[in-house]
Amino acid sequence: EEQLGQSGAEVKKSGEFLRISCKGSGYTFTSNWIAWVRQMPGKGLEWMGIIHPGDSDIIYSPSFQGHVTFSADKSISTAYLQWRGLQASDTATYYCAKYEKEMEAFDLWGQGTVVFVSS
Amino acid sequence: DIQMTQSPSSVSASVGDRVTIACRASQDISGWLAWYQQKPGKAPKLLIYATSNLQSGVPSRFSGSGSGTDFALTISSLQPEDFATYYCHQTYSFPRTFGQGTKLEI
C-alpha cells in the first residue's frame, strides 16, 4: 500500500529552526514529485512548491521562496521542509503530497504535520 | 499566477440533493483541473483529475465537467459522508494554485 508518513506535531518559538519530514513507502519514491501544501488554521490550501526526490529538482511558489527550503534523501525515501527562522505566521498544518504525472494531480497525501509557533 | 475562484463559498443541502460547485480560472488552463475533498482534521482526498476523470475508488455520484476557464463538480445525490469542503486545483502552470474552497453543509 502506498503511504506518505509525516513527522509529528511541533511547538516552537519565533526565530527557531525547524525541519519536518515526509516518508514515502509502497512505491518508488524517486519516481514522483512531492509537493508541500500549507493550510493555516481555518483557511484553505496553499501550494508551497514541489521537489523531485530523484534529482532534487525544486520549484518554489514565489509566495514561499526564500522563507522555506525543500530537500530530500532518496536513500531513506524522505522529503523535508525546513525553516531557518520561524515566524508566528508559520503556524499551520503542512501536508506533503505525491504528484502523479499521468493524472496531473496529487493522488496520495500525508496525514499532515501541525506546526505551532509562538511569538 | 492563475487565480482560481470557487462559488459558492458555502452551500447548505440535504441528503439526496444534487449539488454543483463552480470553479473559474483567471485564464485558460486547458482542462488541467483537479478536485479534492477535505473533511475536518483530515488530509485532502483526490476526487477528479483532468476535469472529468474519476479517481479510483471514488463513487460515481461525483462528476466533473468544464473547459477553458469554467469548471464544475457535481454530486448527483448527496450522501451523509459527502458533507465536507471541496477545493479545485489548477495543474496547468506554476505556481499551482487552489480555489478558496466550498464548504458543503447539511
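This structure is a prediction, so every number in the text was calculated from the model and none was measured. Scope of the values below: all heavy atoms of this structure, side chains included, with no hydrogens, waters or symmetry mates. Here is how names work: the chains are called A, B, and so on, in the same order as the sequence lines, proteins then strands, and each is numbered from 1.
- Tracing side-chain contacts under 4.5 Å through hydrophobic residues (I, L, V, M, F, W, Y), one never reaches A:Y27 starting from A:M103; they form parts of separate clusters.
- Between B:P95 and A:P62, some side-chain heavy-atom pair lies under the 4.5 Å cut-off.
- Around the CZ atom of A:R84, the shell of radius 6.0 Å holds no more than 12 heavy atoms that belong to other residues, nucleotides or ligands.
- Cluster annotation: A:F70 is not connected to A:V37 through the hydrophobic network of ILVMFWY side chains, with a link wherever side-chain heavy atoms come within less than 4.5 Å.
- Within the 4.5 angstrom heavy-atom criterion, only side-chain atoms of A:Y99, from C-beta onward, approach chain B.
- The distance from the CG atom of A:L45 to the OG1 atom of B:T97 is 11.5 Å, given to the nearest 0.5 Å.
- For A:Y95, the part lying near chain B is the side chain, with the backbone staying farther off; criterion is any non-hydrogen pair under 4.5 Å.
- Taken from CZ in A:F106 to NE2 in B:H89, the straight-line distance is 4.0 Å, to the nearest 0.5 Å.
- Scanning residues 72-83 of chain B against chain A with a 4.5 Å heavy-atom cutoff picks out nothing at all.
- Residue-level contacts of residues 36-59 of chain B with chain A, in order of numbering, are B:Y36, B:Q38, B:K42, B:A43, B:P44, B:L46, B:Y49, B:A50, B:Q55; threshold 4.5 Å between heavy atoms.
- With sequence neighbours excluded, no residue forms a side chain to side chain donor-acceptor pair (under 3.5 Å) with B:E105.
- B:F98 contributes atom CZ, which lies 9.5 Å from atom CD of A:Q39 (distance to the nearest 0.5 angstrom).
- A:Y80 and A:L18 are assigned to two separate hydrophobic clusters, defined by single-linkage of ILVMFWY side chains at heavy-atom distances under 4.5 Å.
- At most 12 non-hydrogen atoms from other residues, nucleotides or ligands lie less than 6.0 angstrom from NZ of A:K74.
- With salt bridges taken as basic N to acidic carboxylate O contacts below 4.0 Å, one links B:R96 and A:E104.
- A:V114 does not touch chain B: none of its heavy atoms, backbone or side chain, sits under 4.5 Å away.
- Under a hydrophobic clustering in which Ile, Leu, Val, Met, Phe, Trp and Tyr are joined whenever their side-chain heavy atoms come within less than 4.5 Å, directly or via other members, A:W36 and A:W33 fall into different clusters.
- Linking ILVMFWY residues whenever their side-chain heavy atoms come closer than 4.5 Å, directly or via other members, places A:F64 and A:V115 in the same cluster.
- At a heavy-atom cut-off of under 4.5 Å, chain A is reached by B:W32 from residues 14-32 of chain B, listed in order of number.
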